[in-house]
Amino acid sequence: MSHENKQKSIDHPFLFSPMKLGMVQLKNRLVSLPVHTGNAYPDGRVSSWLVDFYTMLARSGAGMVVVANAAVSSDGVVSRYNLRVDNDAFIHGLSELASAIKDNGAIACLQLNHAGRFGKTTRPLLPSPLSYEHFSFNVESLKGFMEFFPFEKRFSLTREFLHQAKNWRHAMDYEDCNRVIDDFSNAAQRAFQAGFDMVELHGANGYLLCQYLSTFTNKLTSGFGGDLNARSTFPLAVIQAVKQHLPHDFPVGFRLILKEWVPGGVDLYEALAFAKLLKQKGIAYLSASAGTFNSIFSRHALEGMGKIAYLSDDVKALRDSVNIPVIISGRITTPSVAEKLIRDGTADLIGLGRPLLCDPGWVKKAGDSTRKITQCINCNRCLKRVILEKGICCARWPKLIYDRTDLAHKLLTRTCKTLWLIANSGDMQTFKQCLPLLTSHTDRQTRCSYRPAMLFLRPENNDTFFDDAKKNFIRWAQDTFGSSIDIYDTSVQYDTSPGDGLKESTSGRKDIIDSIISRGSYGRIFLGSNVIDPWRKKMLYREGRTVVAFLNSNENRKKILAPVDLSDASLLVMSFLKGGYLAAEGFSVRFIHVLNGSPHVARSRWRHLKAAAGLDWNTPLQLLGPESNVVSALTETVNSGQYGTVVMGKRGLSGIKRLLLGSVSSGVLSLLTDQSLFLVD
């Protein structure tokens, strides 16, 4: 036994003792709880950030890592960035995730969930329609929820909530119920195929399985509603279907709500009665939870949840009632608290959610009394960010880790799928000339190539060469990129574009472009520069979360100037350049900053941004002396340095500040001659 393990066995002999869950052996009693991160790709795929995150949790030393909130149905996602397991296409990424956890010494468990009425869908599923029985409570609950956020965020959140609530009018029918039961079963099979050691069914937080248990959300009087036994029917049917299609010894756990803290909601008495039914179904373990989105923002709940080990009495009652392994959660802040809970028989396993998020070294520090644990301060910033669809971050993380995580979340929606917009024969010549600039950039993280799609628009002027040039250009493009490129052609009377088919003669140019961009999820929009066509300049600022490029004929196109204002927005520019041009042969990139303060502060900030973006530590930054006219200073540098391409971001300002101070990029664009401009948002 190593010195570290000996120390752990001396200081915390119960905490670091092994335990079996079904046929699975855990090396200790510590479980990384499922904390929803909101950091999957918008289509539900596993992101590289998720793999890194769960690798970190596995390396923490926890005996088991539970991957949070994988949606079993497309209508069961709780956020735009929800991990999904409703299609075989997700198995590959989930397999990578399971392997990362197991290869780093932990048991891998996947939590399966359907958000029910909280689903991000136009037709959310719920046991029974919303009633006015608890109208005043719901209003007070919404008020508490809104007060949880800054004033400027409350309007959009209220609008979103009311939009969601107006769809709570139609109850699930038997077809819906049978489909969701199958969805859970199929999702469990995919988890098994992906290599997870077990699955956990999410029956807490006010999601679908919990909604059926509670008379607060389940007003049915027959079928899946009525007394507790009737309300238990649906979640028990899910468990039965899941277990029927898995190996008999494959462990299935359940996240159980003990107290809902709402009128007519689940209380401890009902939770204990339901737990006995779960034991009869062969559930391998119970993971205790309390509160839902309807209650956790109330003053009473926040005060209760702020106490250390606030669920200890309830979990002790649960463990004594069912005598199957129970995971306790709820502000287990220190190893001594955790050790006592195991030693006293309160619980069998310790669930670390936010404590482990706050300090991934919690487990290892538990075996070394000389190391201080960074404790969660219960500020709820992590929860706020997830609700605001910004991805999880912890206020106590070092700023470098915080900024890296924030950048990774922003990049989830910025695809490298490229669309070329072509509206005259000159555009075609420009694209050919700029090919090295367009094909040197790949996104290795998303395994996306530079192969573009092409949208041909009807020429605004009498371009007699357009049709012949288009034929030759398509032939050249197919020879260059392969015949499988997508070509949308709205320049002819008879549509030849793939998909639905759109004719510019019957729809405006803006609608055509917006429809194609949305349909293809294109994140990079390239077009030729032409000051005569005003729609081109409008494209620069209309598309959010994209890279828009104005291409021009300058022969020094491989010589790139990248102005940065050193705000967080600069990270997107730096990440874009890192993906290709900084490493591409024949390209040179110069970062530049116009000072508006101390050079020392600017250099310090540059070091931080380089580390956050993953740039080489010696990447230089050229500083220009303070200038009253930033646009003129940048334009003079472009011309004097003979730069052929400018890559910059939208100004690192928001709202009224951007309106009052104007756009630097727009000013630079107006003064460029034959240079190309890439605007990164």
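One is the number of the first residue; the rest follow in order along the sequence.
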Phe184 and Ile239, any side-chain heavy atoms less than 4.5 Å apart: no
State yes or no: are the ring centers of Phe145 and Phe293 separated by less than 6.0 Å? no
Charged N to carboxylate O under 4.0 angstrom, Arg404 versus Asp52? no
Check whether Phe250 forms a cation-pi arrangement with Lys243 (NZ or CZ under 6.0 Å from the six-membered ring centre, at most 45° off the ring normal). no
Is Gln111 reaching over with its side chain to a backbone N or O of Val66, donor-acceptor style, under 3.5 angstrom? no
Surrounding NZ of Lys399 (heavy atoms of other residues, nucleotides or ligands, distance under 6.0 Å), is the total greater than 12? yes
Do the rings of Trp261 and Tyr310 sit parallel, tilted or perpendicular, given the 30° and 60° boundaries? tilted
Looking just at side-chain N and O atoms, do Asn205 and His36 make a donor-acceptor pair shorter than 3.5 Å? no
Heavy-atom donor-acceptor pair, Arg414 side chain to Gly523 backbone, under 3.5 Å: no
Test your reading of the model: is there a side-chain donor-acceptor pair from Arg117 to the backbone of Leu126, 3.5 Å cut-off? no
Give, for atom CZ of Arg396 and atom CD1 of Ile377, the distance between the pair rounded to the nearest 0.5 Å. 5.5 Å
Name the residue from Asp183, Asp88, Asp86 that meets the salt bridge (charged side-chain N to carboxylate O under 4.0 Å, His left out) definition with Arg190. Asp88
Do Leu256 and Ser289 make a side-chain contact, defined as non-hydrogen atoms from C-beta onward lying under 4.5 Å apart? no
Main chain of Cys376, side chain of Arg331: is a donor-acceptor contact present, judged purely on distance under 3.5 Å? yes
Using the ring centroid of each side chain, check whether Tyr81 and Tyr41 are separated by less than 6.0 Å. no
Ignoring hydrogens and geometry, is there a side-chain-to-backbone donor-acceptor pair from Asn113 to Ala71 under 3.5 Å? no
May I ask you to check whether over 12 heavy atoms, not counting those of Lys365, lie within 6.0 Å of atom NZ? yes
Do Lys281 and Leu278 come within less than 4.5 Å of each other through their side chains, counting heavy atoms only? no
With salt bridge (charged side-chain N to carboxylate O under 4.0 Å, His left out) as the test, pick out the partner of Asp406 among Arg381, Lys390, Arg385. Arg385
For Ser99 and Glu96, indicate whether the former's side chain and the latter's backbone hold a donor-acceptor pair under 3.5 Å. no
List the steps and the verdict of side chain to side chain donor-acceptor pair (under 3.5 Å) for Asn69 and Arg255. CA-CA 11 Å; Asn69 202 352; Arg255 181 81 163 159; over 6 Å; no
Looking at every heavy atom in both Pro325 and Ala284, which two are closest together, and how far apart are they? CD-O, 3.5 Å
Are Asp314 and Lys259 ion-paired here, with the side-chain N under 4.0 Å from a carboxylate O? yes
Taking atom CG of Asp344 as the centre, does the number of heavy atoms from other residues, nucleotides or ligands within less than 6.0 Å exceed 12? yes
Is Ile392 close to Leu383 at the side-chain level, that is, under 4.5 Å between some pair of heavy atoms? no
Side chains of Ser156 and Phe149, heavy atoms from C-beta outward: is any pair under 4.5 Å? no
May I have the step-by-step check of salt bridge (charged side-chain N to carboxylate O under 4.0 Å, His left out) for Lys364 and Asp359, ending in yes or no? CA-CA 10 Å; Lys364 293 181 179 177; Asp359 188 351; over 6 Å; no
Should the heavy atoms of other residues, nucleotides or ligands under 6.0 Å from NZ of Lys340 be counted, would the total exceed 12? no
Glu389 side-chain N/O to Arg80 backbone N/O, donor-acceptor pair under 3.5 Å: yes
Step through it carefully: locate the ring centre of Phe274, locate the ring centre of Phe254, and say whether they are under 6.0 Å apart. yes
Distance-only, no hydrogens or angles: does the Ser73 side chain make a donor-acceptor pair with backbone N or O of Asp75 under 3.5 Å? no
Keeping Arg29 on the side-chain end and Asp348 on the backbone end, is there a donor-acceptor pair under 3.5 Å? yes
Taking Arg299 first and then Glu303, would you say they form a salt bridge - that is, a charged N and a carboxylate O separated by under 4.0 Å? no
Rounding to 0.5 Å, atoms OG (Ser329) and CG (Leu349) come to a distance of 11.5 Å
Between Ser295 and Val262 the two heavy atoms that sit nearest each other are CB-CG1, 3.8 Å
Does Phe297, at its CZ atom, have more than 12 non-hydrogen atoms belonging to other residues, nucleotides or ligands within less than 6.0 Å? yes
Salt bridge or not between Lys610 and Asp616? Use side-chain N to carboxylate O under 4.0 Å. no
Donor-acceptor contact below 3.5 Å, side chain Trp397 vs main chain Leu357: yes
Closest approach of Cys210 and Gly203, non-hydrogen atoms and distance? CB-O, 3.4 Å
